Structure formats: structure tokens, C-alpha cells
Amino acid sequence: RCLVNRGVRDPDSAQLFLNPRLKDVADPMNLPNMEAMVDRLWLARERQERMVVFGDYDVDGVSSTALLMEVFEDLGWPPVNVYLPHRLEEGYGLSQKAVETCLTRFSPQLLLAVDCGSTAGDTIEWLRNYNVDVLVLDHHQIAEEPPAANAVVNPQINTAEDAPFRELCAAGLAFKLAHALVKRGREENLAEAFSFDLRKLLDLVALGTIADLVPLTGENRILVSKGLECLKNTKRPGVQALKEIAQIEDRVGVFEVGFQLGPRLNAAGCLENDLDALELLRAPDKD
């Protein structure tokens, strides 16, 4: 009765709900424009282009950025720079001021906007005029006229009420992109892709998904269920330190992420800039 009241009305759906399994996640290439995004990122790898990941300053944006930086490093991209806007001085997302600072600092040939960019048509056009290609990986409401980026991966492009992937936040989309890149790498017989374990990213996916308050249904339920297991045994020194200071010992559930870990990661971005939180997630050792 509890399941039926929540829209789970047949045995197959109930089985998926009660026993989430990673093998039930859909092909990432089913996302709109994912193939075009993978093609452009792969070209950047082959050409050894200067690239920057332009993230957002909340937990979802920071965990997505950390996840993608790890994937690019492990799969052999040239060193990728990261830019997180200053909340007070530059505002949210791909603002003109933030992008100008980013270009001055890094001179990228390719900019990947994560957790932002779906309504930044003017800024993206400005970037294209400076010969900077732009990719947008985002879950927010999209402008009526999608920005003229090289590829926009956003499940909101499909406006049907029952369209797939509409529940995903940026962390979930970053995981889908990671999955797509690993698939492409294996098709290209890239050794690093065969040894890459996507499951090690799920702690970051759980952090971003729970903190962003998206519905824990569909693929989110699978990713968070497995991500919480990953968080319990995380090898990331920064997350271990967060758990210690929050006095989290054995159990790591939605409450612990939503009320103890997430707010601490959000704090840096609320005050100034979330680079400290990003560096904490990516810290290679306790020092």
C-alpha cells in the first residue's frame, strides 16, 4: 500500500524501488546531445587543448566539478583548469564578469560549464566570438532559445512530463558524462578506460544529489543508494575529515549528508568562493 500510494504500482517497479542496482541505469548516450559533447571533449584530448571546467559554488556544482576533474585526469586529458565564480563579486553562473576573469586567467580553447549555462546565451555568444568553444552540462530550466553552445546536455530540453533523466542534478549528469567518456575510451581501446572504476565517483554523486534537494526517484535512487555505501567507506581524506568533524561514525544516510556534510561544503561558497570546498574534496592526503 505504501508503494502504491507513491506511484509504484507493479511488481517490476517495486523490485527496482526496493533493490536499486547500478546495472539498471540507462545508457548515457540517451541524453540529448551527449554524443556531440563526448565528441568535442575527445577532440580536446587528442589536440591537447587548454580546457577549463566552469562550475557553480554550491555542493552540486562543486561535487560535479570534482568528479569531472578526476575523470579527465585519470583518462589522460591535458591538465584541466577549474573556475568557480565569486558569489558576491560575480554572481551566479556564466556571468560576463566571471567569464572575462576566467579568460584572462586561463585563456581556454574549450570551456565546460557545469551546473549552469542553460540561460547564458549572450555570454556564450561572446565566448564564441573569442574563439572559445563552449559545452553546457546542466539541469536547470533552459531558455526558450537554447544557447548556441557546441553541445548542451540538459534533460530539460525534452519537455515531456515523463521524459527520462528529468530528476538528475548536475552531479548525476556529471556521472552520466563520465560513463559516456569511459564507454568511448573503451571503444577506442584506451587502457585507462578499461581500468577506470565508475563506482569510486558515487560518493560525490550522493553528496551533490542529496544537497541539491532533487527527487530521490528514478536513477537518483540508484545513484544515491550506492553512493551512500561509497560515502560510508570513502577513501577521500577531505570527506573523511568532514565526517570526523561532524562526528559521523558508521551510518551515512540522507540526514547526515543533508544536514551535516552538505552545509559544511556549502559554507565556503556562501561566504566567498567555494574553491576551498573543491580542494577539500580533491585533497590527495590528510596534510
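FYI, side chains are in, hydrogens and waters are out, and symmetry mates aren't considered; it's all heavy atoms of this structure. Keep in mind the model is a prediction, meaning the values are calculated, not measured.
- The number of heavy-atom neighbours closer than 6.0 Å to CZ of Arg186, taken from other residues, nucleotides and ligands shown, is above 12.
- With values rounded to the nearest 0.5 angstrom, Ser95 atom OG is found 11.0 Å from Glu89 atom CD.
- Between Glu49 and Gln109, the shortest heavy-atom distance links the atoms CA-OE1, 3.3 Å.
- Of all the heavy atoms in Glu167 and Thr217, the pair that sits closest is CG-O, 3.5 Å.
- Looking at every heavy atom in both residues, Asp115 comes nearest to His140 through OD1-CE1, 3.1 Å.
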Decide yes or no on salt bridge (Lys or Arg N to Asp or Glu O under 4.0 Å) for Glu187 and Arg184, but give the supporting numbers first.
-> CA-CA 5 Å; Glu187 291 166 5; Arg184 175 64 60 86; 3.7 Å; yes
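- Closest heavy-atom contact between Pro20 and Ile222: CB-CA, 3.8 Å.
- For the pair Lys183 and Asp27, the salt-bridge criterion is met [side-chain N within less than 4.0 Å of a carboxylate O].
- When hydrophobic clusters are built by joining Ile, Leu, Val, Met, Phe, Trp and Tyr residues whose side-chain heavy atoms come closer than 4.5 Å, directly or via intermediates, Leu207 is grouped together with Val254.
- The ring pair (Phe, Tyr, Trp, His ring centres under 6.0 Å) test applied to Phe72 returns Trp77, not counting sequence neighbours.
- A continuous path of Ile, Leu, Val, Met, Phe, Trp and Tyr side chains, each step under 4.5 Å between heavy atoms, connects Leu198 with Leu22, placing both in one hydrophobic cluster.
- A heavy-atom distance below 4.5 Å is found between the side chains of Leu3 and Leu18.
- Distance check, rounded to the nearest 0.5 Å: CD of Glu145 to OG1 of Thr119 gives 13.5 Å.
- Applying the side chain to side chain contact (heavy atoms under 4.5 Å, CB included) test between Leu177 and each of Val71, Val153, Leu41, Leu67 identifies Leu41 as the sole match.
- Among Ile210, Leu213, Asp212, the single residue meeting the side chain to side chain contact (heavy atoms under 4.5 Å, CB included) criterion with Asp60 is Asp212.
- What you find for Leu271 and Leu88 is that their closest heavy atoms are O-CD1, 4.0 Å.
- Taken to the nearest 0.5 Å, the CG atom of Asp274 stands 11.0 Å off from the NE2 atom of His86.
- A salt bridge does not link Arg40 to Glu35: none of the charged side-chain nitrogens sits closer than 4.0 Å to a carboxylate oxygen.
- Taking a 6.0 Å sphere around CD of Glu244, one finds it holds 12 or fewer heavy atoms contributed by other residues, nucleotides or ligands.
- For the residue pair Leu231 and Ala206, the shortest heavy atom distance occurs at CD1-CB, 4.2 Å.
- Within the hydrophobic cluster formed by Ile, Leu, Val, Met, Phe, Trp and Tyr side chains joined at under 4.5 Å, directly or through other members, Leu103 is accompanied by Val52, Phe54, Tyr83, Leu94, Val99, Phe106, Leu111, Ile124, Trp126, Leu127, Tyr130, Val132, Val134, Val136, Ile142, Val152, Ile157.
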Determine, step by step, whether Thr209 and Asn220 satisfy the side-chain hydrogen bond (donor to acceptor under 3.5 Å, both in side chains) criterion, reporting the C-alpha distance in whole Å, the side-chain angles of both residues, the deciding distance to 0.1 Å, and the verdict.
-> CA-CA 7 Å; Thr209 301; Asn220 279 347; 4.5 Å; no
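- Remark: Asp250 pairs with no residue by the side chain to side chain contact (heavy atoms under 4.5 Å, CB included) rule, at least two apart or across chains.
- Salt bridge status for Arg21 with Asp24: present, with a side-chain N to carboxylate O gap under 4.0 Å.
- Looking at heavy atoms from C-beta onward, Ser107 lies in side-chain contact with Arg50 at the 4.5 angstrom threshold.
- Between Leu265 atom CG and Leu281 atom CG the span is 5.5 Å, to the nearest 0.5 Å.
- The distance from atom CZ of Phe175 to atom CG of Leu168, rounded to the nearest 0.5 Å, is 10.5 Å.
- Note on Met37: it does not cluster hydrophobically with Leu43, by side-chain heavy-atom contacts below 4.5 Å among ILVMFWY residues.
- In this structure, Arg221 satisfies the cation-pi test against Phe17, with its NZ or CZ atom closer than 6.0 Å to the six-membered ring centre and inside 45 degrees of the ring normal.
- Using a cutoff of 4.0 Å between basic side-chain nitrogens and carboxylate oxygens, Asp74 and Lys200 are scored as salt-bridged.
- Separation of atoms CG (Leu204) and OG (Ser64) is listed at 9.0 Å; rounding is to 0.5 Å.
- Here Lys232 does not pair with Glu256 in a salt bridge; the nearest charged N to carboxylate O distance is not below 4.0 Å.
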